[in-house]
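One structure is given here, and the rest of the page talks about it.
Remember, predicted model here, so these are calculated numbers, not experimental data. Numbers restart at 1 for each chain; the letters A, B, ... are given by sequence-line order, proteins then strands.
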Number of protein chains: 2
Amino acid sequence: MQTFTIKPIVPATSLRTLAYEALKSAITNMDIYGQTGDVRLDERGLSQTLGVSRTPIREALTVLEQEGFVRNEPRRGVFVVRKTRKEIVGMIQAWAALESMAARLACARASDEDLKCMRTMFPEFFEGTPADHLAEYSEANIRFHQKIISLGHCEVIQDLCSNLLMHVKGVRNIALREGDRASTSIAEHIQIIEALEARDADLAERLVRDHGLGLAIHVERYGKHLE
Amino acid sequence: MQTFTIKPIVPATSLRTLAYEALKSAITNMDIYGQTGDVRLDERGLSQTLGVSRTPIREALTVLEQEGFVRNEPRRGVFVVRKTRKEIVGMIQAWAALESMAARLACARASDEDLKCMRTMFPEFFEGTPADHLAEYSEANIRFHQKIISLGHCEVIQDLCSNLLMHVKGVRNIALREGDRASTSIAEHIQIIEALEARDADLAERLVRDHGLGLAIHVERYGKHLE
DNA sequence: CGCTGGTATTTGGTATGCCAATACTCTGCG
DNA sequence: CGCAGAGTATTGGCATACCAAATACCAGCG
């Protein structure tokens with residue numbers, strides 16, 4: 001018997017990738033909206049803190065700028081971006097568009113097993129009151145939307161959405177606590193599951209879109225804490 | 001009287017940006033699908049050709065990799081990516097999702113003047129046969145879709161779509177020549193304009209989506225020249 | 001005391017050099 | 001003639017050095 005298992009590869013992730021991940025997690029975990037004034041990232045300071053030279057730092061910052069996490073003002077520095085309410089709303093709208101398309105595609109592409117396990121994957125939606133466990137519900141909420149997107153089997157849509165999600169994640173949780181969103185949100189989720197099970201593409205698309213746009217309207221109305 | 005007018009600023013674009021634009025136009029203008037074998041970009045060769053050092057070249061390549069134009073195999077080189085048919089189809093589907101959302105938003109947000117000038121902006125759609133001037137029609141075609149996207153007044157959607165368009169542009173023209181797409185395409189465009197003028201969000205969204213998905217199906221079926 | 005002009009310092013952009021890993025080549029042995 | 005292996009060349013990743021722009025600071029003048 002062969003007990004000789006090898007790991008697929010060990011590319012020994014480059015310093016650039018490590019710097020990218022370190023900076024990205026630092027940015028997404030910080031409370032950018034909780035403080036005033038611009039947050040500037042000093043290349044030399046970062047390279048000294050992380051123990052690498054400026055080159056991989058700069059390359060990592062270039063990627064983060066592409067993804068919209070930082071903004072580079074020539075000859076002035078690179079700053080963590082603070083999204084305006086309008087931008088957040090736009091992201092949610094784009095997300096709603098992509099996710100509703102994923103739902104449409106899922107109705108044609110998803111396997112019966114995948115659709116069937118939607119109910120078992122999210123027991124939180126079918127039992128108890130969400131107000132009690134907002135933290136777990138918020139987790140399930142994100143998993144739910146990611147599941148829909150993955151059922152569409154469209155790589156491009158998945159990639160675009162995962163990036164949008166990174167930016168919007170922080171706002172979602174806040175929005176849940178405001179108003180009466182949690183309970184109405186669950187009802188809509190259940191409707192979406194039913195539409196998918198019925199493979200009703202038009203209905204699933206519409207429900208997902210309206211669900212997303214509902215969040216957009218909510219943020220637009222109650223998102224005073226932004227900007 | 002003050003006759004002393006000054007220009008706002010002259011940021012004097014950085015070498016990195018110049019290298020990025022040079023490489024991007026070179027990549028998008030080359031016929032990547034017309035030749036076999038991988039196309040490799042040599043950092044040192046490029047820096048010599050463009051007359052700059054490797055640093056800005058590398059940063060430009062990093063951005064292009066993020067945008068999906070090149071792929072970097074560590075220790076092997078950076079290659080121009082050849083999209084598979086499946087990826088192209090996915091991009092068109094994502095695009096259809098975003099553009100249809102833009103159309104929906106346009107029905108609520110666009111000004112009467114903007115909607116009114118749609119007919120005058122695209123005289124090609126209303127006169128003559130498209131088969132005669134495919135080149136000009138193809139130009140008008142792209143302008144038409146960009147116009148719809150801009151009417152949605154959603155920056156995020158515009159940015160995402162402009163990137164998708166860069167990748168799909170080459171395929172569009174080929175698709176127009178195959179089958180009977182040009183003339184049916186025009187009829188659909190006119191319907192879209194009418195829906196926008198009526199500010200019928202549901203209809204406009206549906207028409208734009210189906211128009212885009214039609215192209216996706218067409219590419220999926222006839223895109224033998226890909227991959 | 002405030003403003004102006006110049007200088008010093010900081011900082012991002014670019015160039016260059018080094019290193020390790022990979023690819024290539026050429027030779028020698030079977 | 002073919003294949004293996006060593007040695008060489010190439011190439012990408014990273015570090016460092018240098019430069020020019022922008023800012024901060026300071027002195028001198030009003």
Worksheet item: Side chains of B:Val78 and B:Arg71: closer than 4.5 Å at any heavy-atom pair?
Response: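 B:Val78 vs B:Arg71: side chains apart.
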Discussion item. Within the 4.5 Å heavy-atom criterion, are B:Ser100 and B:His211 side-chain neighbours or not?
Written reply: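 Not touching, per the 4.5 Å side-chain cut-off.
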Discussion item. At 4.0 Å (heavy atoms only), tell me whether A:Val78 reaches a base, stays on the sugar-phosphate, or touches nothing.
Written reply: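 Contact class for A:Val78: none.
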Dump the pairs, protein N or O against N or O of nucleotides 23-25 of chain C, anything under 3.5 Å, distances to one decimal.
from   : atom 1 : to      : atom 2 : distance (Å)
C:dA23 : OP1    : B:Arg76 : NH1    : 2.3

Discussion item. Taking any atom closer than 4.0 angstrom to a non-hydrogen atom of chain A, what span of DNA chain D does the protein reach, first nucleotide to last?
Written reply: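 Going 5' to 3' along DNA chain D, contacts run D:dC14 to D:dT23.
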Search all heavy atoms of [X] against all heavy atoms of [Y] and return the closest pair with its distance.
{"X": "A:Lys24", "Y": "A:Met166", "answer": "CE-SD, 3.8 Å"}
{"X": "B:Lys83", "Y": "B:His167", "answer": "CE-ND1, 3.8 Å"}
{"X": "B:Met118", "Y": "B:Leu196", "answer": "CE-CD1, 4.1 Å"}
{"X": "B:Gln146", "Y": "B:Leu165", "answer": "NE2-CD2, 3.3 Å"}

Worksheet item: In residues 54-69 of chain A, what residues come within less than 4.0 Å of DNA chain C, judged by heavy atoms?
Response: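 Those residues whose heavy atoms fall under 4.0 Å from DNA chain C, taken from residues 54-69 of chain A in numerical order, are A:Arg54, A:Arg58.
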Short N-O contact, [X] and [Y], less than 4.0 angstrom:
{"X": "B:Asp114", "Y": "B:Lys116", "value": "no"}
{"X": "A:Arg85", "Y": "A:Glu87", "value": "no"}
{"X": "A:Arg209", "Y": "B:Glu205", "value": "yes"}
{"X": "A:Arg16", "Y": "B:Glu65", "value": "yes"}

Fill in: Between C:dT11 (C1') and A:Arg40 (CZ): distance, integer Å
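Spelled out: CZ on A:Arg40 to C1' on C:dT11 is 7 Å.
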Discussion item. What is the separation between atom CG on B:Leu15 and atom P on C:dT16, rounded to the nearest whole Å?
Written reply: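 It works out to 12 Å between those atoms.
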Discussion item. Closest-nucleotide mapping onto DNA chain C: is B:Arg44 or A:Arg44 further toward the 5' terminus? I mean the 5' end.
Written reply: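 Result: A:Arg44.
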Worksheet item: Considering heavy-atom distances to DNA chain D, does A:Gly51 or A:Pro74 have its closest nucleotide positioned more toward the 5' end?
Response: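 In this pair, the answer is A:Gly51.
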Worksheet item: Given A:His189 and A:His145, is the side-chain contact (heavy atoms from CB on, under 4.5 Å) satisfied, shown in steps?
Response: CA-CA 9 Å; A:His189 286 182; A:His145 288 284; 3.5 Å; yes
